[in-house]
2 protein chains.
Amino acid sequence: MTTMVAVKTRKKKVATTVALPLDRILMDDCIEAMRSLPAKSIDCIFADPPYNLQLGGDLLRPDGSQVDAVDDDWDKFDSFAAYDKFTRDWLAEARRILKPDGTIWVIGSYHNIYRVGSIVQDQGFWILNDIVWRKSNPMPNFKGTRFTNAHETMIWASMGEKARYTFNYRQMKTLNDELQMRSDWEFPICGGPERLRKDGTKVHPTQKPEALLYRVLLASTKPGDVVLDPFFGTGTTGAVAKRLGRHFIGIERDATYVEAATARIEAALPLDESAIRAMRAPSKPPRVAFGVLVENGLLPPGSVVVDSKRRFRATVLADGSLLSDCGAAGSIHKLGSTLQNAPSCNGWTFWHTEGSKGLVAVDALRQQWLLATQP
Amino acid sequence: MTTMVAVKTRKKKVATTVALPLDRILMDDCIEAMRSLPAKSIDCIFADPPYNLQLGGDLLRPDGSQVDAVDDDWDKFDSFAAYDKFTRDWLAEARRILKPDGTIWVIGSYHNIYRVGSIVQDQGFWILNDIVWRKSNPMPNFKGTRFTNAHETMIWASMGEKARYTFNYRQMKTLNDELQMRSDWEFPICGGPERLRKDGTKVHPTQKPEALLYRVLLASTKPGDVVLDPFFGTGTTGAVAKRLGRHFIGIERDATYVEAATARIEAALPLDESAIRAMRAPSKPPRVAFGVLVENGLLPPGSVVVDSKRRFRATVLADGSLLSDCGAAGSIHKLGSTLQNAPSCNGWTFWHTEGSKGLVAVDALRQQWLLATQP
DNA sequence: GGATCTACTGAATCTTTGA
DNA sequence: GTCAAAGATTCAGTAGATC
């Protein structure tokens, strides 16, 4: 199904409708397929490009010939140069179709991620984080010649240094038991029932765990966003996007993978109604002006507020500003910073009012107000 | 003290004696100093080059205090091109002086490591591993704009694909409780008594922990080997090399750093057994966030949980929070305490899910998860 | 003397909105 | 585009003071 989506054109800020193949898999070369998509139409790209540098696969040698003796410096340069060109080409297309406030994720290992990261930066993307996927059950190093290669790296980048982007800070913090989500994530590798198999053998050699994509999409997209995966494989990105109420576009050349991905996504269930509803709520609570609490009688004019240690005391005025005993006045934030002689202050957590069980931050009143007024 | 060391010359494989400034600090530009060293004379290089952080303005913590940023001149570069040239130049010299069976380590962050890694590969080095230093106590992301940047990356490379190198597999396995050493290492950042201070302020803004260098040198060098650090700073590499019975050569331009490093290394004592044990990462019981169970499908969004007496009922949301039927929401602990009107609540034992044999505490799911993922 | 509280700090690319 | 005001934001650990 092709869906019409509002996309803003560049020159004139007029919304036009452009065809986006939402929730479909394009069976094509990734660069060709991206060329068919309109500029500035995608919210997020997740890319798991091939990184079989040393194997001399079809990417580096279209004729399938074997790479020469690896001591040959020229050949090495040739290989890296070919990989770099491929990377530049697909990243340039990715950049064209991303919205100005979109972001891109690329996953790789030490074989390719340094090439990718350099080119990401060269093309003007701005790295926001690199994320380490720590595998809880990596394949051991059988020969004992190196450290167990127990992680892969993801680069997350915005369109530029000043570009805006989506980061659902609160949801990540909640997901991590009220601690900021860190740049190192632990997940098992994809196995068990989740791993797609046909006749007992795995369909795709590097199928990514859904939990990984779950966190990626929950962190960096909003419900209804369009997520593109140019190296779709067996469709982990699509299955998770569907579950999380995001749209996906997959690009995959290999018919076997497309077939497996199609069946898989078909079977994936979207989250149930209540979970979806809660997710569609904005990730940030709506702003509430302090004055609204005053107007609505939660803290009527004349009320007294103090800081948590009762060092400062102020009276609430009718316009929602505070008047301190020493004569200073201003918004809850301004007065808090003035009194503490600090550059800034969050008045919501700084100021308190007398409750039945001691001091209560005015932020609690705001929560109360939100609970009472939000649907 | 200059010591005479046998070094093989390149053209003819005849051993000649060449002066190596063993266990000394050369106060000079790193490229100039490396030029003064003979080719193929160094067993291992550990390099902690400037990261090219490109920081913006001041950064304030939530309490209003200012973050002491790395604003030193040595970290300023005009462009990626300038940084790349600098990197190519020092890496080329490093390559010249390394023995054919030597290895190089470079540490960096996402700001620079992709540039470094690409150039390492371009110059013919062969990456053996990349190692993630997970910081147990990183600086938080104060503004809630990104994931906490909680790691740095080290690249470990040999002179070429077929080159030999030293890897003390057994010692690494022993150090890691008889499990293969993985590519992710956890250490605290350098602080406490180990952090060099003068008049209460840190001498160097980016002093590395000795535990990190300890593992690096123990893994990749033999006793008596020569370790070169072209960005010596306050001499962590030298202090650890001395304690491990390796020779070091330090290169550092800044006289203040050289002075501090000299005194520090002078005071360093060879390690005894207890100190070696202390160098191991502290083992902490693994912490599992409730959200991890949600992400991994043990309790998918939309699942219903109840307390043991079925008085309260809540739905699991996509971000790992709970939404109660009465509209209250929060983490498993928060909602449990809210509903019971109690000051605190252990959500792990409070909330249950329907199992085939009746209610099962979500804590049981956590145990199940730990069993499945922990070695 | 031990427990508790307070202040400080660390390689950081660290805001958003509306006039 | 700029600018000013409003609003949102921290974790683990050490060191020293206080109870």
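No experiment lies behind these values; they were computed from the predicted model shown.
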A/Asp101 and A/Lys99 ion-paired at < 4.0 Å: no

Separation of atom [atom1] in [X] from atom [atom2] in [N], rounded to whole Å:
X	N	atom1	atom2	answer
B/His111	C/dA12	NE2	C1'	6 Å
A/Asn346	D/dA5	CG	C1'	14 Å
B/Leu212	C/dA11	CG	C1'	13 Å
A/Leu322	D/dA6	CG	P	12 Å

B/Ala150 backbone acceptor or donor facing B/Thr148 side chain under 3.5 Å: no

Base, sugar-phosphate, or nothing for [X], non-hydrogen atoms under 4.0 angstrom?
X	value
B/Trp74	base
B/Gly57	base
A/Arg182	nothing
B/Ser109	nothing
A/Lys334	nothing
B/Asp48	base
B/Pro49	base

Residue-level proximity of residues 121-128 of chain A to DNA chain C when a heavy atom falls under 4.0 Å: A/Trp126, A/Ile127

C/dA11 base / B/Lys208 side chain donor-acceptor hit below 3.5 Å: yes

Of the listed nucleotides ([options]), which one gets closest to any side-chain atom of [X]?
X	options	result
B/Asn149	C/dT13, D/dA6, C/dG10	C/dT13
B/Tyr51	C/dA11, C/dG10, C/dT13	C/dA11
A/Ser331	D/dA6, C/dT17, D/dT9	D/dA6
B/Arg146	C/dT9, C/dG10, C/dC14	C/dC14

Could you give the distance separating [M] and [N] at their [atom1] atoms, to the nearest angstrom?
N	M	atom1	result
C/dG18	D/dA8	P	13 Å
C/dG10	D/dT10	C1'	12 Å
D/dA5	C/dC14	P	24 Å
D/dG7	C/dA11	C1'	29 Å
D/dT18	C/dG1	C1'	13 Å

Listed partners of B/Tyr114 passing ring-ring contact (aromatic ring centres under 6.0 Å, His included), at least two apart: A/Tyr114

A/Phe46: ring-ring contact (aromatic ring centres under 6.0 Å, His included) partners, not counting sequence neighbours: none

Nucleotide-resolved protein contact map, nucleotides 10-19 of chain D, B/S/- at heavy-atom distance under 4.0 Å: BBSSSS----

Within-4.5 Å side-chain heavy-atom neighbours: A/Phe312 and A/Val305: no

Chi-angle category of C/dT15 [syn within 90° of 0, anti beyond]: anti

What residues form a side-chain contact (heavy atoms from CB on, under 4.5 Å) with [X], not counting sequence neighbours?
X	value
B/Thr256	B/Asp254
B/Asn52	B/Gln54, B/Phe77, B/Phe80, B/Tyr83
A/Glu186	A/Arg134, A/Ser136, B/Gln374
A/Cys345	A/Ser337, A/Gln340, A/Phe350

B/Arg115 vs A/Gln121, side chain to side chain donor-acceptor pair (under 3.5 Å): CA-CA, chis, key distance, verdict: CA-CA 9 Å; B/Arg115 326 298 305 183; A/Gln121 291 179 312; 3.2 Å; yes

Watson-Crick and G-U pairing of DNA chain C written in dot-bracket, each distance under 3.5 angstrom, with | for inter-strand partners: .|||||||||....|||||

Presence of A/His333 side-chain N/O under 4.0 Å of D/dA6 phosphate oxygens OP1/OP2: no

Where at least one partner belongs to residues 69-78 of chain B, residue pairs that pass side-chain hydrogen bond (donor to acceptor under 3.5 Å, both in side chains), sequence neighbours excluded: B/Trp74-B/Tyr257

Along DNA chain C (nearest heavy atom to each residue), the more 5'-positioned of B/Thr145 and B/Arg197: B/Arg197

All side chain to side chain donor-acceptor pair (under 3.5 Å) counterparts of A/Ser344, not counting sequence neighbours: none

Residues in side chain to side chain donor-acceptor pair (under 3.5 Å) contact with A/Ser183, at least two apart in sequence or another chain: B/His151

